[in-house]
There are 2 protein chains.
Amino acid sequence: MGKVTSLDVARKAGVSQSAVSRTFTEGASVSVGMAKKVRKAADELDYRPNILARSLITGRSRIIALVVGYLDNQFYPDALEKLSRALKEKGYHILVFLASNESEQEAQKVVDELIDYQVDGIIAASVSLSHSLAKRCKTQNIPIMLFNRRQDNPSLSSVTSNNFLGAKKATEYLLATGHRKLAHISGWSETSTGRERAAGFACALEKFGLEPYDIIDGMYNREKAIEATRKLFSKKNGLPDAIFVGNDHMCFAVMDSIRYEMGLRIPEDVSIVGFDDVPLSSWPAYNLTTVRQPINKMIQSTIKGLMNLIHNDLTEPKQLQLEGKLIVRGTTTNRLKEK
Amino acid sequence: MGKVTSLDVARKAGVSQSAVSRTFTEGASVSVGMAKKVRKAADELDYRPNILARSLITGRSRIIALVVGYLDNQFYPDALEKLSRALKEKGYHILVFLASNESEQEAQKVVDELIDYQVDGIIAASVSLSHSLAKRCKTQNIPIMLFNRRQDNPSLSSVTSNNFLGAKKATEYLLATGHRKLAHISGWSETSTGRERAAGFACALEKFGLEPYDIIDGMYNREKAIEATRKLFSKKNGLPDAIFVGNDHMCFAVMDSIRYEMGLRIPEDVSIVGFDDVPLSSWPAYNLTTVRQPINKMIQSTIKGLMNLIHNDLTEPKQLQLEGKLIVRGTTTNRLKEK
DNA sequence: TTGAAAGCGCTAACAA
DNA sequence: TTGTTAGCGCTTTCAA
């Protein structure tokens, strides 16, 4: 059978091809009778307008590129699902671009592909965009929203939570509950989130007049986080009484290592605080105290921002930072009460 | 600046527009000199061929639709990531369609959208396709591969693991290690996987001459699985000594409930076996004995099958079933040795 | 409100 | 090998 075109419908309905087009075009002028006739014929042929052909004229593909580094951290599939639902409401769909590889050359290829597909916009989650890449997208007139990452480039819009403040809050909580030997297994130092959370940790400690017990880069990676934990606990001069970890995904690894390799108890021997509050964090097996990223608001703002960029290019870039909230669960304890 | 077209490049290079087209078309005949000239001009303008315009002629969009119900079960983001990488190799990208809603009407809408985007093929993961929907896709000439689901419809190709055999193996293992009161929290009975795994469980038990302790539908849902667990352990006449659970995702819920609500130990009080072997299952916190789905082979076969369907429509449908393997970890024990 | 006609950016005959 | 030309299926002027 193959494709049914508007011309087929037109012939069947005995009207012009443009009449068919109009009935399927939002806000075009067609009489009720015409619309009825056309829709009837269209239904009988199971006709649907070809978005690709439409895109050629309108210049809009109704495709949004989601560039994402990895999906093993539950935060991202969760975001993907929510973004997809929200975009669907607006008549857009997500084309997935995996960009785990960190070489500039690989990144260039991803941008090539983005341009090829004539995407209407880009949501870059958990990936850094070099200046040159950002400029290419600008030249091609493809708006970009950074999701859960910020960039020095002031022309890039982004939505994040306030990572500095969130980390500071978490650290202050640990201090207020009597922890004094605080270690930080940080997010990847090449990312804004990694750096900002580390800075928040350092700031809280400094204000308190305390030195960090240790800071190790866990690179947002499970294996690296386990290595970091081992390193932390191999020190001879006592153990940390609390670890602030750069995200929940690493936290699970750290907790597994502490419990099943070190044989220590959480929070009795060491308290743990994470960042993100992914669904898994609330499961009893981990029951993690963590800084909740306001993911729904982040999604909402990302989409609102992107739609603005798509529909009126005049919008000036904004770096939105939403407030996160500390969710206290079972991996922390009040050491002041202990004795 | 906006879009750069092949005509712009042609003018800049002082050649015809078709010459530009040819240099960017696989297997077209262009001289080395021409190609060089064109590429130079193209690079200077940062030109990329418009896939959408190309699609209009070739009839191929290089877009594959992934229809997926949910992403909270780690099996699916994992599959999505792997599918995306494998398809990228072949020059395809994944457009995401979320189809959690189970009403026929919603499903029709999803198919509408699929057709709109002129996708070259569909991978339906974790979703059922009614006959009428499958027929619509057939009419539109869009090939479908079912991933991790089978359907009665013999015209639909699918790739699954052998769920019946996998479940049977798991159950036989429990029997061989001295368990006698076996319960099953099953996958959703409206799905092929749910039914086949339940059948494998029942078959092994019957061959052994044993009645199931209980069978409850957990619907592949965390909350439902927890409810099922509560129900199971509220019975007055003793407790099960083993539970075979329809997938790992539910397993985590069941284990959480057993440990933190019932206060029982795994495997000392009750053994647990899951299905899938998602990454999380090997983490020490769960360390789950489970039937591993050969996901890499499943991905490979799915893509191979889909490419076949796309490139030669003559391919007859195949229901591929790959062998799964029981991975014994820490949630099972040998009760024969216990005393 | 409707139809005729032009053209979106590209590929693929067809000639040269 | 190259250029010319005719569409792919649609939207959007422009007249009627």
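Per chain, numbering begins at 1; letters A, B, ... match sequence-line order.
- Considering only side-chain atoms of B/Arg54, the nucleotide from C/dT11, C/dG9, C/dG3 that sits closest is C/dT11.
- Between the CD atom of A/Gln17 and the P atom of D/dT13 there is a distance of 15 Å, rounded to whole Å.
- Spacing between atom NZ of A/Lys37 and atom P of C/dT1 amounts to 15 Å, rounded to whole angstrom units.
- Among the heavy atoms of the strands lying under 4.0 Å from A/Ser21 is at least one base atom, whether or not backbone atoms are also near.
- One finds a salt bridge joining A/Arg85 and A/Glu81 here, because a Lys/Arg side-chain nitrogen approaches an Asp/Glu carboxylate oxygen to under 4.0 Å.
- Side-chain nitrogen and oxygen atoms of A/Ser16 include at least one within less than 4.0 Å of the OP1 or OP2 phosphate oxygen of C/dG3.
- The interatomic distance linking A/Arg60 (CZ) with D/dC10 (C1') rounds to 17 Å, in whole Å.
- At the heavy-atom level, A/Ser31 lies under 4.0 Å from the strands shown only through sugar-phosphate atoms.
- Taking the six-membered ring where tryptophan is involved, the planes of B/Phe75 and B/Phe147 are essentially parallel, since the angle between them stays under 30° and well short of 60°.
- Using a cutoff of 4.0 Å between basic side-chain nitrogens and carboxylate oxygens, B/Lys109 and B/Glu113 are not scored as salt-bridged.
- In summary, the side chains of A/Ser61 and A/Gln118 do not present any donor paired with an acceptor at a separation below 3.5 Å, with no hydrogens or angles considered.
- With rounding to whole Å, A/Leu56 atom CG is found 17 Å from D/dG7 atom P.
- Between the CG atom of B/Leu7 and the C1' atom of C/dT11 there is a distance of 15 Å, rounded to whole Å.
- The nucleotide whose nearest atom lies closest to any side-chain atom of B/Met34 is, among C/dT11, C/dG9, D/dT2, D/dT2.
- Toward the 5' end of DNA chain D, the nearer of the two residues B/Ala35 and A/Tyr47, judged by each one's closest nucleotide, is B/Ala35.
- Here the side chain of A/Ser18 is nearest to one of D/dG3, C/dA5, D/dC10, namely C/dA5.
- With rounding to whole Å, A/Phe24 atom CZ is found 15 Å from D/dT12 atom P.
- With D/dT11, D/dT5, D/dT2 as the choices, the nucleotide that has an atom nearest any side-chain atom of B/Val30 turns out to be D/dT2.
- Distances shorter than 4.0 Å separate none of the side-chain N or O atoms of B/Ser6 from OP1 or OP2 on C/dG9.
- Distances shown here put a side-chain N or O of B/Thr25 below 4.0 Å from the OP1 or OP2 atom of C/dT11.
- In this structure, B/Arg39 forms no cation-pi arrangement with B/Tyr47, as its terminal cationic atom is not both closer than 6.0 Å to the ring centre and no more than 45° off the ring axis.
- Rounded to an integer number of Å, the gap from CZ of B/Arg11 to P of C/dC10 is 12 Å.
- Remark: P of C/dG9 and CG of B/Leu52 are 12 Å apart, rounded to the nearest angstrom.
- Checked by distance alone, B/Arg22 brings a side-chain donor or acceptor within 3.5 Å of a matching partner on the base of D/dG3.
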